[in-house]
Number of protein chains: 2
Amino acid sequence: MTDPIAYLGPRLKEIRMKTGLSLREIARQLEVSPSFVSQIENGKSQPSVATLYALAKLLSVPVDVLFESAGDPVAAPTKANDLEVNRNNFDHPTDVWDSSRARISAVNPNNRSIITMDSGVTWERLAATSEESVNFMEIVYEPGAETNKSGDMIFHDGFEYGYALAGELEVTIGDLVLQLSPGHSMGFDSSIPHRFRNTGSTQFRGIWFVHGHNVDHS
Amino acid sequence: MTDPIAYLGPRLKEIRMKTGLSLREIARQLEVSPSFVSQIENGKSQPSVATLYALAKLLSVPVDVLFESAGDPVAAPTKANDLEVNRNNFDHPTDVWDSSRARISAVNPNNRSIITMDSGVTWERLAATSEESVNFMEIVYEPGAETNKSGDMIFHDGFEYGYALAGELEVTIGDLVLQLSPGHSMGFDSSIPHRFRNTGSTQFRGIWFVHGHNVDHS
DNA sequence: GCTAGATGTTCTCTCCTAGTTAACACCAGC
DNA sequence: GCTGGTGTTAACTAGGAGAGAACATCTAGC
């Protein structure tokens, strides 16, 4: 069995990264030297219980998660890393917001980050956590608006989930066409070409969740 | 605030007592000297992280409960080793539904899979895609209902996102307590201990999205 | 280009403390 | 009385928790 204590360092680093805090900032708040934090993260030294506890508290994480084996031994594949498909041209709602992200994010409706598309489509961010490639948002389609003014279908990595709050939305996924009415919901593999269109005469609003495959990455 | 580390010793003793194990027996299994265990229990010395972890493991208790100020119900097993960590009772909404999952999933409100918890909490599945460790659902908290009847906070791998449709929900995440009203939304790293509670007099309903770290796996 | 400020890392060194051994006092049952 | 169990405390030591300084990168600004 693999010693969980051996993973403590990497695990700490992983969690610290998510918080966006620098090693030196941690050291400052913990009142220890930066070098020591580095030594801990690299497994060259071990903290005392007091330091361990303070560390967990600082990262607002139960002590136990520090012992969990960090994710998967994601031995980075040497090859597949360099480039993805040319999905850059597609504008899909991943990582398009500003950079403010945290481990806990609460948003009230009057204070959302909003992105307005030229095509009568609006995304309002509902939460900005430290997860990348993840978007939780309210989407608004004005009457006549559609995903792509060109009418083309789009596809991208990951999955997409939606819940209709108000109005009607015509959802096309692959061959499937369905009408989303308030209370209806759906989810699909977004590598299937898809398109949304508000064919009705009233505004459509829905709760949307979109994420890529690699929800977290080192 | 009183230092939780000061309570570590007494806490250990308390838990050990419940297991019926002698101090010397602990020392034997831990492969340390009995005197040292005594010193730890009396706060005259502190264990290293390794010893602390081994200790928690031996008592089959999460490390965190060693820091709790004594008095809380520990649910310690009567004999060591016959029970696992009492974290198992935590049910969190991942992979609890039936197996029907597809690449495209559309659900209308009258035809949802529903899980009713004993505590007045209901989950209604909004989509069932082929993704594992992912749940998109409408959650309902009746007045007075809470995540855990015991009042304990829960934590698990992954992230959690919510949008309030109706009613009020008291959300506790780590130290943070916030009131979720209709239109409000939030997201957080679910490894931070959290708890939800409907403190109001009306039913709470919200759109929830929960996923583990490993969103897809081959 | 240079500087000034961040970032994380890797040395070397010191002092503290985790953990030891010993002897201690208390019980049971034989 | 012994012999086995229990927990406690003193004196000691070896090892590692943690500091300090110098290191190599970066990025931003002049």
Side-chain angles (χ1 to χ4, degrees), chain A residues 3-59 63 66-67 70 74 76 98-103 130 132 216-218, chain B residues 3-59 63 66-67 70 76 78-81:
Chain A
D3 188 9
I5 299 183
Y7 286 124
L8 191 141
R11 185 76 173 138
L12 270 169
K13 184 165 200 167
E14 179 191 346
I15 296 174
R16 176 177 65 79
M17 291 306 205
K18 285 195 203 164
T19 71
L21 287 171
S22 81
L23 175 154
R24 282 181 137 89
E25 182 56 34
I26 297 279
R28 207 167 298 129
Q29 296 200 39
L30 269 185
E31 294 183 321
V32 298
S33 69
S35 75
F36 186 47
V37 178
S38 171
Q39 289 170 44
I40 292 175
E41 288 189 350
N42 295 328
K44 314 226 169 187
S45 193
Q46 280 188 12
S48 67
V49 269
T51 320
L52 179 78
Y53 183 83
L55 213 29
K57 197 97 188 247
L58 182 62
L59 297 170
V63 181
L66 300 182
F67 292 116
V74 191
D98 60 77
S99 56
S100 55
R101 290 176 167 272
R103 294 191 72 211
S130 54
E132 306 190 18
D216 71 330
H217 68 94
S218 48
Chain B
D3 187 10
I5 298 184
Y7 286 124
L8 191 141
R11 187 74 174 139
L12 269 169
K13 185 165 200 165
E14 178 191 347
I15 296 174
R16 178 177 64 80
M17 290 307 206
K18 288 193 192 161
T19 71
L21 287 170
S22 80
L23 174 155
R24 282 181 136 88
E25 181 56 34
I26 295 280
R28 208 167 298 130
Q29 295 200 39
L30 269 185
E31 294 183 320
V32 298
S33 68
S35 77
F36 186 47
V37 178
S38 170
Q39 288 170 47
I40 292 174
E41 287 189 351
N42 296 328
K44 313 227 171 186
S45 192
Q46 280 187 11
S48 67
V49 269
T51 321
L52 180 78
Y53 182 82
L55 214 29
K57 198 106 187 241
L58 182 64
L59 297 170
V63 180
L66 300 181
F67 293 115
T78 43
K79 270 294 204 292
N81 293 357

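Residue numbers begin at 1 in each chain, while the letters A, B, ... track the order of the sequences.
Judged by distance alone, the side chains of B/T51 and B/S48 do bring a donor and an acceptor atom under 3.5 Å apart.
One atom, CD of A/E31, and another, P of D/dG18, lie 13 Å apart when rounded to the nearest Å. Counting to the nearest Å, the P atom of C/dG5 and the CZ atom of A/R28 are 14 Å from each other. Residue B/L21 contributes atom CG, which lies 15 Å from atom P of D/dG5 at whole-angstrom precision. Rounded to an integer number of Å, the gap from A/E41 CD to C/dG8 P is 8 Å. Across the protein-nucleic acid pair, A/L52 atom CG and C/dT17 atom C1' stand 17 Å apart, rounded to whole Å. Per the geometry, CG belonging to A/L30 stands 15 Å off P belonging to D/dA17, to the nearest Å. Atoms CG (B/L8) and C1' (C/dA18) sit 14 Å apart, rounded to a whole Å. B/I40 places its CD1 atom 14 Å from the C1' atom of D/dG7, with the value rounded to the nearest Å.
The side chain of B/F36 approaches C/dT20 more closely than any other nucleotide in the set C/dT20, D/dT6, C/dG8. Taking only side-chain atoms of A/S45, from C-beta outward, the nucleotide of C/dT10, D/dT9, D/dA17 with the closest atom is D/dA17. Listed nucleotides: D/dT8, C/dT7, C/dT20. Nearest to the side chain of B/L23: D/dT8.
In this structure, B/R16 contributes its side chain and B/L21 its backbone to a donor-acceptor pair below 3.5 Å.
Within the 4.0 Å cut-off from OP1 or OP2 of C/dT10, not a single side-chain nitrogen or oxygen of A/S38 is found. Under 4.0 angstrom from either OP1 or OP2 of D/dT8 there lies no side-chain N or O belonging to B/K44. Dashed line: the shortest gap from a side-chain N or O of B/T51 to OP1 or OP2 of C/dA18 is not under 4.0 Å. Regarding contacts with the backbone of D/dT8, a side-chain N or O of B/N42 is found under 4.0 angstrom from either OP1 or OP2.
Between B/E25 and A/V32, the residue anchored closer to the 5' end of DNA chain D is B/E25, taking for each the nucleotide with the nearest heavy atom. The residue among B/R24 and B/V37 whose nearest nucleotide of DNA chain C lies closer to the 5′ end is B/V37.
If you check every strand for non-hydrogen atoms under 4.0 Å, A/Q46 touches sugar and phosphate atoms only. Using a 4.0 Å heavy-atom cutoff across all strands shown, A/S35 reaches at least one base atom of the nucleic acid. A/S33 comes within 4.0 angstrom of a base, heavy atoms only.
From B/L8, atom CG reaches atom CD1 of B/I40 across 8.0 Å, with rounding to the nearest 0.5 Å. Atom CG of A/L66 is separated from atom OH of B/Y53 by 11.5 Å, given to the nearest 0.5 angstrom. Taking CZ from A/R28 and CG from A/L23, the interatomic distance works out to 10.0 Å, rounded to the nearest 0.5 Å.
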